[in-house]
Amino acid sequence: MTKSPSSTRWSLTLLIIGLVAAGLHTRGSIEPRFAASSVIDAQKQESASALFLPIELPRPTPSAHASSVAFMQDGSLLIAWFGGTREGADDVAIQMARVKDGRVQDSWTSLTCEQLEGLTHRVIRTLGNPVVWIDADGRVKLNVVSVSYGGWSGSSVNQLHSQDGGKSWSAAQRLILSPFFNLSTLVRNPVVAMQDGTIGLPAYHELLHKWGMWVRVTTEGRVLQCERMPSNVGELLQPAVAAISATDAVAVLRNTNSAQPVVGRSATEDGGQTWSLKAPLDIPNPNASISMIRLIDGSLLIAANPLVNGRNVLQLFRSRDSGSSWTASRTIERSAPGGEFSYPSFAQSADGLIYLSYTWQRKGIRLCAFNSTWLDASDTEKPAMETTP
Amino acid sequence: MIIRFVREIFGRKNLSPFGMELWIPAAIVLIVPAAGVSIAGHLRGLWGDPSIVTFLLLFLYTVRPSSLPNRPRLSTCVLVSLFVMLPLYLPLFLLNPNVPVDLYSYGWKPKWILIAIAVIALGSVMMRRMAPRWTNIIAIALIASSVGLMESDNLWDYLVDPGLLFTIAFLAIAGSITSFLGSRMPESIKNLSSGKQI
């Protein structure tokens with residue numbers, strides 16, 4: 001190959017153009033800030049009488065798991081989960097239901113493997129954990145795990161949006177989060193809104209090693225940042241993140257370490273740019289998903305399976321000091337070992353009612369609603385839900 | 001045999017072209033549906049998308065091999081393997097997640113990658129070792145990243161992919177072994193392996 005001065009000049013010019021263009025392309029605010037909701041005086045909440053309301057959901061499939069809930073702009077609650085003949089089967093689809101005034105208004109199959117194949121132009125063998133959320137324009141967004149080949153450790157995350165409340169999906173963006181064939185990134189817990197209109201998506205990696213991740217994404221599904229969450233109690237995954245202020249957030253994580261089976265914890269003080277080690281919670285964790293929400297009174301609430309083994313107890317824990325200490329609250333479900341009440345998900349309505357959905361025995365999704373006063377009752381052991389529906 | 005193979009890879013200036021006629025049947029095969037999804041869809045599900053650099057190299061290889069850049073030197077292959085491939089992939093497989101080595105995350109905040117490319121380019125010019133065709137390919141990949149041409153928003157995915165990096169690593173390892181063996185080989189065997197008559 002001959003190198004003429006003109007070809008060298010041309011190449012250098014092109015490279016400078018490339019460097020400048022790529023440099024200018026950096027999107028998003030340099031200093032990300034959480035859109036942490038303001039705290040409402042708890043007096044009004046606590047004056048209400050205790051309220052607990054079970055809500056029956058349809059069971060369209062033999063198996064159901066991993067629900068996610070979000071409030072739509074009209075005040076109705078949208079619930080998404082994956083269901084099929086069994087977890088990992090090729091007939092698994094994302095099911096949805098809409099609840100208003102304590103009743104199911106509508107339920108439907110929202111997304112199948114074939115539909116996602118058409119949207120992403122690649123083979124999809126099965127679907128997994130959905131995370132549903134509503135953007136500032138009221139559009140329903142869905143982050144969903146998909147597997148093309150292999151098991152869950154070969155999965156990827158997709159982001160879709162819907163203009164009709166989750167009935168149909170008009171776009172899909174695959175989030176590329178791993179340098180090695182984009183393998184093994186999953187989501188489980190709700191997104192966190194950022195001040196600049198982007199979202200923080202708690203995610204995790206589970207091929208060979210497991211760790212929690214914090215991914216900042218635009219509402220169109222373009223990734224801006226991805227940070228790992230450190231661990232001091234073994235391999236942690238499925239972070240649930242709650243913003244405390246514009247800069248501070250706390251994450252609780254599922255723990256896969258059977259030698260030290262406690263809920264893991266991490267925190268950020270710079271809007272999610274870096275995550276630091278924090279002492280784990282003194283709540284047992286049997287390698288099971290945890291959900292966390294910051295209530296409008298400023299306290300944190302988690303739903304967890306507080307056992308060393310098994311998922312047959314689902315209990316709530318509350319913290320009034322930004323996650324440093326936790327006190328046991330009400331028990332939602334309890335059964336003999338072998339039962340499963342797992343993968344909880346929270347949402348709180350504008351009037352303060354807290355909704356909790358969770359997997360019931362892998363056969364269906366259960367939903368209940370309660371207020372803050374009910375949480376504070378002294379009887380923490382008696383299960384709130386009947387074990388047999 | 002290894003010596004000849006690596007010499008073949010490193011020594012030849014031009015590769016024999018498959019020609020444009022390869023692309024048409026390849027495109028037809030890729031859109032053929034298999035189990036409801038095109039073969040391209042199966043490949044994308046399995047491998048994802050190649051980087052812009054790989055795509056350009058494949059394109060030049062099949063369409064205009066005379067415009068292909070020179071094959072990278074052994075030293076370049078070793079440097080890329082050590083300073084790009086290992087930091088990109090090792091954290092995924094071997095290192096504890098607490099070890100703060102995650103080169104891939106810099107692809108979303110690419111300031112330091114861009115500075116590194118600029119420094120390497122400047123050094124190449126000053127040392128009169130500029131490779132215009134490689135520079136063009138890198139520049140096109142940077143421009144493609146600025147317009148978000150691929151699904152990924154990470155600059156690394158425009159520059160490299162596992163297929164490209166494993167090829168470079170293979171060249172580095174095979175070239176190093178050959179170089180090591182060659183330096184310890186008696187002159188008579190070297191002449192035999194190079195095809196010279198003695």
Side-chain angles (χ1 to χ4, degrees), chain A residues 1 3-4 7-8 10-27 114 117 120-125 146-149 156 173-184 205 207-212 216 222-232 235-236 277, chain B residues 13 35-38 40-48 69-70 88-89 91-98 100 102-105 107-111 113-114 117-118 121 125 130-136 138-143 145-148 150-157 160-162:
Chain A
M1 188 179 70
K3 278 190 280 186
S4 68
S7 71
T8 301
W10 162 246
S11 297
L12 275 176
T13 306
L14 194 63
L15 183 66
I16 290 167
I17 291 170
L19 288 168
V20 171
L24 292 173
H25 182 57
T26 307
R27 286 180 295 248
E114 292 75 23
E117 277 180 349
T120 59
H121 309 292
R122 48 166 49 95
V123 66
I124 304 290
R125 198 179 60 78
S146 66
V147 177
S148 293
Y149 294 100
S156 301
Q173 175 74 33
R174 175 161 288 212
L175 307 187
I176 310 294
L177 298 168
S178 162
F180 193 72
F181 304 120
N182 196 36
L183 286 179
S184 196
H205 174 98
L207 178 65
L208 300 179
H209 288 295
K210 298 174 176 64
W211 59 78
R216 201 154 62 87
R222 307 304 297 200
V223 178
L224 304 172
Q225 173 202 356
C226 182
E227 303 295 337
R228 290 186 188 197
M229 293 179 179
S231 163
N232 51 359
E235 298 197 336
L236 305 176
L277 286 167
Chain B
K13 287 281 181 188
V37 182
S38 68
H42 284 280
L43 290 174
R44 292 189 79 208
L46 187 63
W47 299 105
N70 285 345
L88 270 180
Y89 298 149
L92 284 175
F93 300 111
L94 297 178
L95 298 180
N96 184 301
N98 290 339
D102 188 9
L103 195 64
Y104 190 63
S105 69
W108 287 294
K109 303 168 280 188
K111 180 175 74 175
I113 302 174
L114 299 177
I117 292 172
V125 171
M130 180 83 176
R133 289 174 180 173
W134 279 113
T135 308
N136 292 346
I138 300 293
I140 291 168
L142 292 176
I143 292 167
S145 80
S146 72
V147 295
M150 296 173 65
E151 273 185 325
S152 176
D153 301 293
N154 190 304
L155 181 57
W156 283 118
D157 293 321
V160 293
D161 56 65

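So that the names make sense, note that chain A is the first sequence line, chain B the second, and so on, each numbered from 1. Here the structure is a predicted model, which is why all the values come from computation and not from measurement.
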Pick whichever of A:Pro179, A:Ser184, A:Gly18, A:Ala22 has the most heavy-atom pairs under 4.5 Å with chain B.
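If we count pairs closer than 4.5 Å to chain B, A:Pro179 comes out on top.
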[atom1]/[X] to [atom2]/[Y] distance, rounded to the nearest 0.5 angstrom?
{"X": "B:His42", "Y": "A:Arg125", "atom1": "NE2", "atom2": "CZ", "answer": "13.0 Å"}
{"X": "A:Leu15", "Y": "B:Ile143", "atom1": "CG", "atom2": "CD1", "answer": "9.0 Å"}
{"X": "A:Leu12", "Y": "B:Thr135", "atom1": "CG", "atom2": "OG1", "answer": "6.5 Å"}

Heavy-atom pair with the smallest gap, counting every atom of [X] and [Y]:
{"X": "A:Val123", "Y": "B:Gly45", "value": "CG1-CA, 4.1 Å"}
{"X": "B:Ser105", "Y": "A:Cys226", "value": "CB-O, 3.8 Å"}
{"X": "A:Phe181", "Y": "B:Pro162", "value": "CZ-CB, 3.5 Å"}

Mind checking whether A:Phe180 and B:Tyr89 have parallel, tilted or perpendicular rings, split at 30° and 60°?
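The rings of A:Phe180 and B:Tyr89 stand perpendicular, inter-plane angle above 60°.
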Donor-acceptor check, side chain of [X] to backbone of [Y], threshold 3.5 angstrom: yes or no?
{"X": "B:Glu151", "Y": "A:Gln173", "answer": "no"}
{"X": "B:Asp153", "Y": "A:Arg222", "answer": "no"}
{"X": "A:Arg174", "Y": "B:Gly48", "answer": "no"}

Chain A heavy atoms under 4.5 Å from [X]: which part of the residue, side chain, backbone, both or neither?
{"X": "B:Lys109", "value": "side chain"}
{"X": "B:Val125", "value": "side chain"}
{"X": "B:Asp157", "value": "side chain"}

Is B:Val37 close to A:Ile124 at the side-chain level, that is, under 4.5 Å between some pair of heavy atoms?
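In short, these two side chains do not touch, never coming nearer than 4.5 Å.
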Side-chain touch A:Leu19/B:Ile117, heavy atoms, less than 4.5 angstrom:
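SC-SC contact between A:Leu19 and B:Ile117 confirmed.
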For chain A, which candidate among B:Asp161, B:Val147, B:Asn136 shows the most heavy-atom pairs at distances under 4.5 Å?
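Winner by heavy-atom pair count: B:Asn136.
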Top contributor to chain A interface from B:Trp108, B:Trp134, B:Trp156 [non-hydrogen pairs under 4.5 Å]:
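Counting heavy-atom pairs under 4.5 Å, the top option is B:Trp108.
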Contact part of [X] toward chain B, heavy-atom cut-off under 4.5 Å: side chain, backbone, both or neither?
{"X": "A:Ser178", "value": "both"}
{"X": "A:Glu227", "value": "side chain"}
{"X": "A:Leu177", "value": "both"}

